[in-house]
Asks: 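Below is one structure. I have some questions about it.
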2 protein chains.
Amino acid sequence: MSKEITIYDIANSLKISPATVSRALNNHDAISTNTKALIHAKAEEMGYRSNKFASNLRKQKTNTIGVIVPRLNSTLMSTILAGMEKVANEAGYNLLITQSLESFKKEISNVKTMFNSRVDGLMVSVSYDTEGYEHFRSFIDKNIPLIFFDRTLDKSECLNIVIDNIKGGYDATKHLLEQGCKNIIHVTGNLKRNVYADRMRGYQQALAEFGVPFKQHNIFETDLTTEAGRKVVQAIKLSEEKIDGVFVTNDFCAVTCMGMLKKMGYSIPKDIAVVGFNNDPLTEIITPSLSTVYYPGKEMGEIAAKSMINHLNGLMDIGHTNYIVLKSELIVRDSSSRLPKN
Amino acid sequence: MSKEITIYDIANSLKISPATVSRALNNHDAISTNTKALIHAKAEEMGYRSNKFASNLRKQKTNTIGVIVPRLNSTLMSTILAGMEKVANEAGYNLLITQSLESFKKEISNVKTMFNSRVDGLMVSVSYDTEGYEHFRSFIDKNIPLIFFDRTLDKSECLNIVIDNIKGGYDATKHLLEQGCKNIIHVTGNLKRNVYADRMRGYQQALAEFGVPFKQHNIFETDLTTEAGRKVVQAIKLSEEKIDGVFVTNDFCAVTCMGMLKKMGYSIPKDIAVVGFNNDPLTEIITPSLSTVYYPGKEMGEIAAKSMINHLNGLMDIGHTNYIVLKSELIVRDSSSRLPKN
DNA sequence: TCATTTTTTGCAACCGATTGCATGAAATAA
DNA sequence: TTATTTCATGCAATCGGTTGCAAAAAATGA
């Protein structure tokens, strides 16, 4: 285990002061070009690497951005993370990633960890059952930039990066109505969360616009798992009123439902038309291909990270922006196309 | 922006020395229970949080483990990461995650970043075109623990956590042969990577065992994307010899192929039987459900992280272990079941 | 009561880089 | 040649915990 080289070693070896070495390595103006070259060469030669702790300690900055997501292993989240990582990495920032596993309690603990790790900023998509944002108080008090993405919190004064979920829900539902659906059920997640609440609002708006009465029992508030899909399909089968349209706020769950419906003899889209949400790659490869609402995950991650970094570098103040709404639109595929394409 | 509380503030406020405060907060034996309680209470009251830089600087330890994966947004990788995160978090470690985006060059730069961030250990699944492990030299020289998982490097002296890919390939192929397949093609990734090379070896072993000649043109070395699937299906269609079995080393690509084959009129599994790899959740929800080889992603992540942490805590020396092979087995579903179930 | 052992606490150096201020050297002006 | 300005470098304090060693305090024994 070779000894770690410090600026003092370089300084000694060159018979100059550590201050000069430090400045040279940081490309400070006050150091002459010659000296800089000399020091850089020596540093290289000796295998020097900067000690970030010392530097962080002094500068009170970590060059690390924290990210809290509900789960790492979801297509959407890992795509968003991929986008964030790309941007952060290019800008010389690191990402400290944790998952709340949809638990409010774990989220609180994650926030604490992030706080103690002194991340320069924090980006969060909240858990299923998060209540309020008292647990972010420490960040807000210390003025550490905080960005919410995808799942946000009402009345948060922070920057929120979202898609227009109302429009998404509206488009999907309107499309189903246009295809002739008369009785559309809506399978969604915890309505406490903006993404689901808004999509339902869109659903309701579309119904209203088409003069279709809204029925509470057509809303299935689930955890969007395979199991949830199974139950929904059971309900469809046992329903007295004929159900001819399904709008699921998650592609995976939608595909699950389609599979079961098919097995039970329903023809899709003829008997029942289905629309999902997110544009998961799997929507294209199944049969029938699933109509869905495109969700710009990678872009969302990139924009979140970019906003954070710009803010940290003083190029932009996220304090002045409340929402950034990304474009997302309905993609019509076979699972809902009843009318001939013209 | 409130001022940061330090142990000196606590010390002053209690009229004791910072050393005592430090020891008390770290639960050092030498401090009396009374004093400890007093200090803890005061720390809580004043809203103290430890400064990790100062601590890291002194202790030369970051409590952070680096992870480099080819891509964040793949089902398998994000599942492995989820497992790692869980274990690391419970043990008080943080994860610094980067992606190489399958580029050797980016991987080299990632390793540098990790090195400069002074992670306590590094866990890597190498990129598509990684050559050798010279770029890990810095870690090896400094004796910083290094673990490879999933995609490993030949002849690496480090701990490798893998599944038995040969067996996986063998099981899948043998199963297809048992179902009566006479001419099985194998769609795989870069054969430079152990996972793909080994699976092909298993494929060859099974063929040999059944006296089926191995044909080089039955191997499709691809990037396993949708596009690759498309090309493979084209080839199947144009092939002179009838192809009646497909073994794809990736579920997503397998599903893509199935979809296209179905569209082209092939009946699965009657005309062509298909087996995938990884046991992606999507394998269960499509029709026909896809036979596949179970890949214990979460477990792999958990075991990798656990090994790393045990090593760091001195409970175990990964220097003595070369391989940990996790159990993985064939899951037979509809896409390959030609014989009646008994 | 005094000596000895054990338990608590404090002193002060240290980890390595950064930076305000001061100084010395070189360049320019007078 | 001397005074003034500009440029380059160094000094020394600082960031906030940690820890070996010593000293003080408390507990025990004689």
Side-chain angles (χ1 to χ4, degrees), chain A residues 1-40 42-44 46-64 92 115-120 142, chain B residues 1-40 42-44 46-64 92 115-120 142:
Chain A
M1 181 128 69
S2 59
K3 199 198 153 286
E4 203 65 57
I5 303 296
T6 71
I7 52 168
Y8 297 96
D9 299 323
I10 300 179
N12 285 334
S13 142
L14 254 35
K15 311 229 173 307
I16 53 176
S17 92
T20 305
V21 176
S22 171
R23 291 201 177 91
L25 292 173
N26 287 307
N27 252 316
H28 195 288
D29 314 324
I31 305 297
S32 72
T33 322
N34 287 334
T35 318
K36 269 187 197 168
L38 203 67
I39 292 175
H40 274 112
K42 198 69 183 178
E44 178 72 19
M46 299 178 75
Y48 167 81
R49 64 168 172 165
S50 148
N51 186 320
K52 287 207 179 174
F53 314 145
S55 168
N56 288 342
L57 173 58
R58 189 59 228 247
K59 295 200 291 192
Q60 305 285 11
K61 194 166 179 297
T62 59
N63 254 50
T64 300
F115 188 64
N116 287 329
S117 298
R118 310 217 174 193
V119 292
D120 292 339
K142 280 229 158 39
Chain B
M1 181 128 70
S2 60
K3 199 200 151 287
E4 204 65 56
I5 303 296
T6 70
I7 53 168
Y8 297 95
D9 299 322
I10 301 179
N12 285 335
S13 141
L14 288 167
K15 311 228 174 304
I16 54 177
S17 90
T20 305
V21 175
S22 171
R23 291 200 176 91
L25 292 172
N26 287 306
N27 251 316
H28 195 286
D29 313 324
I31 305 297
S32 71
T33 322
N34 288 334
T35 317
K36 269 187 198 167
L38 203 66
I39 292 175
H40 274 113
K42 197 70 182 179
E44 177 73 19
M46 299 178 75
Y48 167 80
R49 64 167 172 165
S50 150
N51 185 318
K52 287 206 179 177
F53 315 145
S55 167
N56 288 341
L57 173 59
R58 188 58 227 241
K59 295 201 291 191
Q60 304 286 10
K61 195 168 179 295
T62 59
N63 255 50
T64 300
F115 188 64
N116 287 329
S117 298
R118 311 220 172 191
V119 292
D120 292 339
K142 280 230 158 37

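Within every chain, numbering begins at 1; the chains are lettered A, B, ... in the order of the sequence lines, protein sequences first and strands thereafter.
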Asks: Whole angstrom is fine here: how far is it from CZ in F53(A) over to P in dT18(C)?
Replies: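 The answer, rounded to whole Å, is 14 Å.
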
Asks: Which heavy atom of A11(A) sits nearest to which heavy atom of S17(A), and what is that distance?
Replies: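 It is CB-C, 3.8 Å.
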
Asks: Does the side chain to side chain contact (heavy atoms under 4.5 Å, CB included) test come out yes or no for F53(B) and T62(A), once each step is laid out?
Replies: CA-CA 9 Å; F53(B) 315 145; T62(A) 59; 2.9 Å; yes

Asks: I need the CG-C1' distance between N12(A) and dG16(C), as an integer number of Å.
Replies: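 Computing the N12(A):CG to dG16(C):C1' distance gives 13 Å.
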
Asks: Give S22(B) one of three labels, base, sugar-phosphate or nothing, depending on what nucleic acid heavy atoms sit under 4.0 Å from its own.
Replies: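 It contacts base atoms.
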
Asks: May I ask you to say what R49(B) touches in the nucleic acid, namely base, sugar-phosphate or nothing, with a heavy-atom cut-off under 4.0 Å?
Replies: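 If one applies the 4.0 Å heavy-atom cut-off, R49(B) turns out to touch the sugar-phosphate alone, with no base involved.
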
Asks: Say whether, by atom type as modelled, one donor and one acceptor occur between the side chain of S117(A) and the main chain of V119(A) under 3.5 angstrom.
Replies: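 Absent.
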
Asks: How close do L25(A) and A43(A) get, counting heavy atoms only, and between which atoms?
Replies: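 The pair with the smallest heavy-atom distance is CD2-CB, 4.1 Å.
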
Asks: Name all pairs fulfilling the side chain to side chain donor-acceptor pair (under 3.5 Å) condition that reach into residues 47-60 of chain A, sequence neighbours left out, sorted by first residue then second.
Replies: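 Listed by first then second residue: E4(A)-R49(A).
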
Asks: What's the spacing between N27(A) CG and H40(A) NE2 if we round to 0.5 Å?
Replies: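 Result: 5.5 Å between the selected atoms.
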
Asks: Treating primed atoms plus P, OP1 and OP2 as sugar-phosphate and everything else as base, which nucleotides of nucleotides 9-14 of chain D get B, S or - for protein heavy atoms under 4.0 Å?
Replies: BBB-BB

Asks: Please determine if a side-chain N or O atom of N26(B) lies less than 4.0 Å away from the OP1 or OP2 oxygen of dT18(D).
Replies: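 Yes.
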
Asks: Between C1' on dG16(C) and CG on N56(A), what's the gap in Å once rounded to a whole number?
Replies: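 Answer to the nearest Å: 12 Å.
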
Asks: According to side-chain hydrogen bond (donor to acceptor under 3.5 Å, both in side chains), who are the partners of S22(B), at least two apart in sequence or on a separate chain?
Replies: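 side-chain hydrogen bond (donor to acceptor under 3.5 Å, both in side chains) list for S22(B), sorted by chain: empty.
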
Asks: Just how large is the angle between the end axes of the helix from dT1(C)-dA30(D) to dA30(C)-dT1(D), five pairs per end, to 10 degrees?
Replies: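 Here the local axes at opposite ends form an angle of 50°.
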
Asks: Between atom CD1 in I10(B) and atom P in dG10(C), what is the gap in whole Å?
Replies: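 My rounded result for the distance is 14 Å.
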
Asks: Measure CD1/I7(B) against P/dT18(D) and give the value in whole Å, please.
Replies: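 Nearest whole value for this atom pair: 7 Å.
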
Asks: What is the distance, to the nearest angstrom, from the NZ atom on K59(A) to the P atom on dC15(C)?
Replies: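 After rounding, the gap between these two atoms is 21 Å.
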
Asks: So, using side-chain contact (heavy atoms from CB on, under 4.5 Å) as the criterion, who are the partners of L38(B) when residues are at least two apart?
Replies: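 By the side-chain contact (heavy atoms from CB on, under 4.5 Å) rule, L38(B) matches L14(B).
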
Asks: Rounded to the nearest angstrom, tell me the gap between atom NZ in K61(B) and atom C1' in dT19(D).
Replies: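 Between C1' of dT19(D) and NZ of K61(B): 17 Å.
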
Asks: So, is Q60(A) close to the dG16(D) phosphate, meaning a side-chain N or O under 4.0 Å from OP1 or OP2?
Replies: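 Looking at the OP1 and OP2 atoms of dG16(D), one of them is under 4.0 Å from a side-chain N or O of Q60(A).
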
Asks: For K36(B), enumerate each residue passing the salt bridge (charged side-chain N to carboxylate O under 4.0 Å, His left out) test, keeping only those at least two apart in sequence or located in another chain.
Replies: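 Residues passing salt bridge (charged side-chain N to carboxylate O under 4.0 Å, His left out) with K36(B): none at all.
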
Asks: I39(A) has an atom CD1; how far is it from atom C1' of dA17(C), in whole Å?
Replies: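 After rounding, the gap between these two atoms is 14 Å.
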
